[in-house]
Amino acid sequence: MPVTSCDSDSDKLIIEGFWSDAASGVAEALPDLVGQYDLKRHNCALVLPHNSYSHFTLNKPSIPHAEIRQSLPWVAQERLESMSYHTPVLDACLASDLLEGKEHNKIHVFVSEESHVRSCVAGVNASGLKVDTVTVHELAATSFIGGWSQDSLVSYVV
């Protein structure tokens with residue numbers, strides 16, 4: 001059961017929390033939520049479950065920022081060899097310039113199995129939503145928090 005409110009200025013539905021029954025999977029619960037709030041054909045961001053991806057850090061390679069994503073399979077090859085992904089999907093983000101010390105020169109790498117990502121996207125699309133973005137918890141939380149004022153208190157519980 002979602003806890004919701006409506007932003008009167010923009011007429012957007014804000015889902016502030018979601019209580020789900022562990023026995024009821026996304027495949028059963030999501031279509032009901034989409035129907036209840038008339039969200040069919042709305043765009044959404046899909047946040048992968050924690051247990052479906054791996055996260056590690058690497059030293060940032062000495063290449064232009066624009067080329068980092070294309071070079072990930074090569075840069076992360078040694079780490080990937082020890083993982084059980086058959087067809088890995090890789091993405092990365094740079095550590096914030098605000099961080100000091102060793103962390104400043106790191107890239108955060110996220111890897112998931114392509115077939116699992118495709119299955120998650122298909123499940124969400126089947127509920128009537130359109131997946132714009134596939135992301136992970138760490139990046140989704142920073143994106144959501146980035147849009148809020150500095151006076152906001154945020155609690156993130158998994």
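Residues: numbered from 1 along the sequence shown. Nothing here was measured: the structure is a model prediction, and the numbers come from that model.
Interatomic distance, NZ of Lys60 versus NE2 of His108, reported as 12.0 Å (0.5 Å rounding). Here the NE2 atom belonging to His86 is positioned 8.5 Å from the OG atom belonging to Ser115, to the nearest 0.5 angstrom. Residue Thr135 holds its OG1 atom at 7.5 Å from CZ of Phe110, rounded to the nearest 0.5 Å. Atom CG in Leu58 sits 6.0 Å away from atom CZ in Arg79 (nearest 0.5 Å).
Counting only heavy atoms from C-beta outward, the side chains of His65 and Leu94 approach each other to under 4.5 Å. Residues Phe56 and Val111 form a side-chain contact, since some pair of their non-hydrogen atoms from C-beta on lies under 4.5 Å apart. You'll find the side chain of Met83 reaches within 4.5 Å of the side chain of Ser54, heavy atoms only. Side chains of Leu72 and Ile107 form a contact here, defined as non-hydrogen atoms less than 4.5 Å apart. Taking 4.5 Å as the limit, some side-chain heavy atom of His116 sits within range of a side-chain heavy atom of Pro49. Between Tyr53 and Glu138, the closest side-chain pair of non-hydrogen atoms falls below 4.5 Å. Val134 has its side chain out of reach of Asp91: every pair of non-hydrogen atoms, C-beta onward, lies at least 4.5 Å apart. Looking at heavy atoms from C-beta onward, Cys44 lies in side-chain contact with Val131 at the 4.5 angstrom threshold.
With hydrogens and angles ignored, the 3.5 Å screen pairs a side-chain donor or acceptor of Ser112 with a backbone N or O of Ser52. The backbone N or O of Leu48 sits less than 3.5 Å from a side-chain atom of His137, completing a donor-acceptor pair.
His55 approaches Thr57 most closely through the heavy-atom pair NE2-CG2, 4.4 Å. Taking both residues in full, the closest heavy atoms of Ala66 and Gln70 are given as O-OE1, 2.9 Å, listed atom of the first, atom of the second, then distance. In this structure, Pro73 and Leu80 approach most closely via the heavy-atom pair O-CD1, 4.5 Å. The shortest heavy-atom contact between Lys106 and Asn59 is NZ-OD1, 2.9 Å.
Clustering ILVMFWY residues whenever any of their side-chain heavy atoms sit less than 4.5 angstrom apart, transitively, puts Val89 in a cluster other than the one holding Val124. The cluster map of Ile, Leu, Val, Met, Phe, Trp and Tyr, joined by side-chain heavy atoms under 4.5 Å apart, puts Tyr85 and Val75 in the same cluster. A single hydrophobic cluster is seen to contain both Leu129 and Leu46, as judged by linkage of ILVMFWY side chains at heavy-atom distances under 4.5 Å, directly or through other members.
Surrounding CD of Glu78 are at most 12 heavy atoms belonging to other residues, nucleotides or ligands under 6.0 Å away.
With hydrogens and angles left out, the side-chain atoms of Lys130 and Asn125 include no donor and acceptor closer than 3.5 Å.
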